[in-house]
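See structure below.
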2 protein chains.
Amino acid sequence: MIINDNLKMYVQKLRSSNLRPTKQRLKICKFLFDRKKTFHFTVEALNKKINKNKTTKVSLATIYNTVEAFTNAGYLKEILTSKNKSYYDTNIKSHHHFYDEGNKELTDIHYSQIKLSKVPVPPKGKKIKNLEVVIRIQK
Amino acid sequence: MIINDNLKMYVQKLRSSNLRPTKQRLKICKFLFDRKKTFHFTVEALNKKINKNKTTKVSLATIYNTVEAFTNAGYLKEILTSKNKSYYDTNIKSHHHFYDEGNKELTDIHYSQIKLSKVPVPPKGKKIKNLEVVIRIQK
DNA sequence: TTTCTAGTTTAGAATTATTATAAACTAGCT
DNA sequence: AGCTAGTTTATAATAATTCTAAACTAGAAA
Ligand SMILES: [Mn+2]
Ligand SMILES: [Mn+2]
Ligand SMILES: [Zn+2]
Ligand SMILES: [Zn+2]
């Protein structure tokens with residue numbers, strides 16, 4: 001996988017989603033996507049990292065707005081697994097997770113690592129939006 | 001399955017978990033467990049039902065305390081699937097769920113209705129606490 | 001029975017995560 | 001350069017939950 005350290009790519013990406021490439025969004029893009037590996041984060045953690053010893057701070061409201069916009073645009077995936085706090089994933093491919101109840105961390109499980117040989121039919125008029133397994137683990 | 005409409009059973013049950021059989025706890029037990037079918041609920045919903053046109057109200061703090069105590073005692077199971085709100089289940093057997101993103105309701109999937117033919121090994125030093133699948137559905 | 005005390009309930013305050021508000025700012029078209 | 005819709009920001013509001021501390025009570029002991 002290629003590391004994107006050029007802003008032009010993000011500018012295009014944002015424009016293609018009708019999101020103006022503001023300096024705040026580009027800074028967040030750079031932080032989230034300029035890396036070899038995908039990762040999981042909470043808004044709280046992202047806010048800390050983005051504003052860690054930086055002179056120009058991005059407001060918490062913007063962090064929330066941007067995470068929501070990126071999720072709607074399909075750049076991020078929301079993982080609902082924890083009590084009272086949303087997690088986000090820069091890995092947008094369909095995949096499963098371990099959720100460690102001790103340190104409250106998510107770990108990816110590749111889609112092929114879980115095989116569902118029997119899955120129920122959804123109720124009438126409803127369709128399956130998502131079938132991703134969360135395996136809760138602890139010491 | 002037998003409907004428990006006698007309080008003595010709940011008194012024993014509570015005592016066996018080192019929970020004093022107070023009138024609040026017994027009222028909540030009666031509401032939660034005196035029925036043919038298990039069900040899912042939020043604390044907000046339980047609070048409304050318990051206090052619906054009743055003269056003696058149970059405080060919201062007690063509803064929270066009791067739900068937590070019952071969960072710790074194993075009378076209830078917590079289902080973490082929704083953003084910002086916990087769900088509880090009077091079905092304490094291991095089983096799976098549909099979660100309808102439209103009306104935010106849970107529906108049981110019997111344990112035998114999902115077969116996992118391949119499951120990954122948890123990380124070193126960690127063990128699987130729970131492997132229950134939530135299938136998100138929508139119209 | 002009455003007394004005692006740890007456990008429980010309660011109203012209200014506090015906390016945490018998140019969303020809403022509205023004024024100031026800015027990307028980017030004209 | 002001027003305009004304007006989109007964006008950022010500080011701050012307030014909201015929602016779910018947890019905390020606090022005073023009042024109450026179950027039930028053991030006297
Ligand atoms: Mn919340
Ligand atoms: Mn909360
Ligand atoms: Zn992931
Ligand atoms: Zn259930």
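Fair warning: this is a prediction, and the values are worked out from it, not measured in the lab. Note: hydrogens, waters and symmetry copies are ignored here, and every other heavy atom, side chains too, is used. Below, chains carry the letters A, B, ... as their sequence lines are ordered, and counting in each starts from 1.
Expressed to the nearest 0.5 Å, how far OG of A:S112 lies from NE2 of A:H96 amounts to 8.5 Å.
For B:L19, the listed nucleotide lying nearest its side chain is C:dT8; candidates were D:dT11, D:dT8, C:dT8. Looking at the side chain of B:T66, the nearest of the listed nucleotides C:dG12, D:dG27, C:dT9 is C:dT9. Nearest nucleotide to the side chain of A:L60, out of C:dT18, D:dT8, C:dT8: C:dT18. The side chain of B:K83 approaches C:dT18 more closely than any other nucleotide in the set D:dT17, C:dG7, C:dT18. For A:R20, counting side-chain heavy atoms from C-beta on, the closest listed nucleotide (D:dT9, C:dG28, C:dT10) is C:dG28. Counting only heavy atoms from C-beta on, B:N65 has its side chain closest to C:dT9 among C:dT18, D:dT9, C:dT9. Across C:dT26, C:dA17, C:dT9, the shortest atom-to-atom separation from the side chain of A:K23 is found for C:dT26. Listed candidates were C:dA20, D:dA26, D:dA16. Nearest to the side chain of B:K85 is D:dA16.
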Next on the checklist: Using the rule given for side chain to side chain donor-acceptor pair (under 3.5 Å), can you reason through A:T107 versus A:Y99, listing the C-alpha separation, both sets of side-chain angles and the distance that settles it, and then say yes or no?
Outcome noted: CA-CA 7 Å; A:T107 315; A:Y99 179 66; over 6 Å; no
Checklist entry - Does the side chain to side chain donor-acceptor pair (under 3.5 Å) test come out yes or no for B:N91 and B:D108, once each step is laid out? => result CA-CA 9 Å; B:N91 179 359; B:D108 277 2; 2.9 Å; yes
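Between the CD1 atom of A:I28 and the P atom of D:dT8 there is a distance of 8 Å, rounded to whole Å. One interatomic measurement links the two molecules: CG of B:N84 to P of C:dA17, which rounds to 11 Å at whole-angstrom precision. Following rounding to the nearest Å, B:K57 (NZ) and C:dA11 (P) show an atom-to-atom distance of 11 Å. In this structure, B:F70 atom CZ and C:dT8 atom P are separated by 11 Å, rounded to whole Å. Atom NZ of B:K48 is separated from atom C1' of D:dA15 by 12 Å (rounded to the nearest Å). Between the C1' atom of D:dA16 and the OH atom of B:Y88 lies a distance of 10 Å, rounded to the nearest Å. In this entry the distance linking CZ of B:R15 with C1' of C:dT8 reads 15 Å, nearest Å. Put simply, CD1 on B:I63 is 13 Å from P on D:dT17, counting in whole angstrom units.
Taking the six-membered ring where the residue is Trp, B:H40 and B:H95 present tilted rings, their angle falling between 30° and 60°.
Comment: A:K83 engages B:E78 in a salt bridge, judged by a side-chain N to carboxylate O separation of less than 4.0 angstrom. Using a 4.0 Å cut-off between a side-chain N of Lys or Arg and a carboxylate O of Asp or Glu, A:E132 and B:R136 do not qualify as a salt bridge.
Among the protein residues, A:T22 comes within range of the sugar-phosphate backbone only, with heavy atoms under 4.0 Å from sugar or phosphate atoms but none that close to a base. Using a 4.0 Å heavy-atom distance criterion, A:T42 is classed as making no nucleic acid contact.
Using a 4.0 Å cut-off, no side-chain N or O of B:Y64 falls inside it from OP1 or OP2 of D:dT18. When the side-chain nitrogen and oxygen atoms of A:Q24 are compared with OP1 and OP2 of C:dT26, none of them lie within a distance under 4.0 Å. At least one side-chain nitrogen or oxygen of A:R25 sits closer than 4.0 Å to the OP1 or OP2 atom of D:dT8.
Residues B:V11 and A:S59 each lie close to DNA chain D; by heavy-atom proximity, the contact nearer the 5' end of the strand is made by A:S59.
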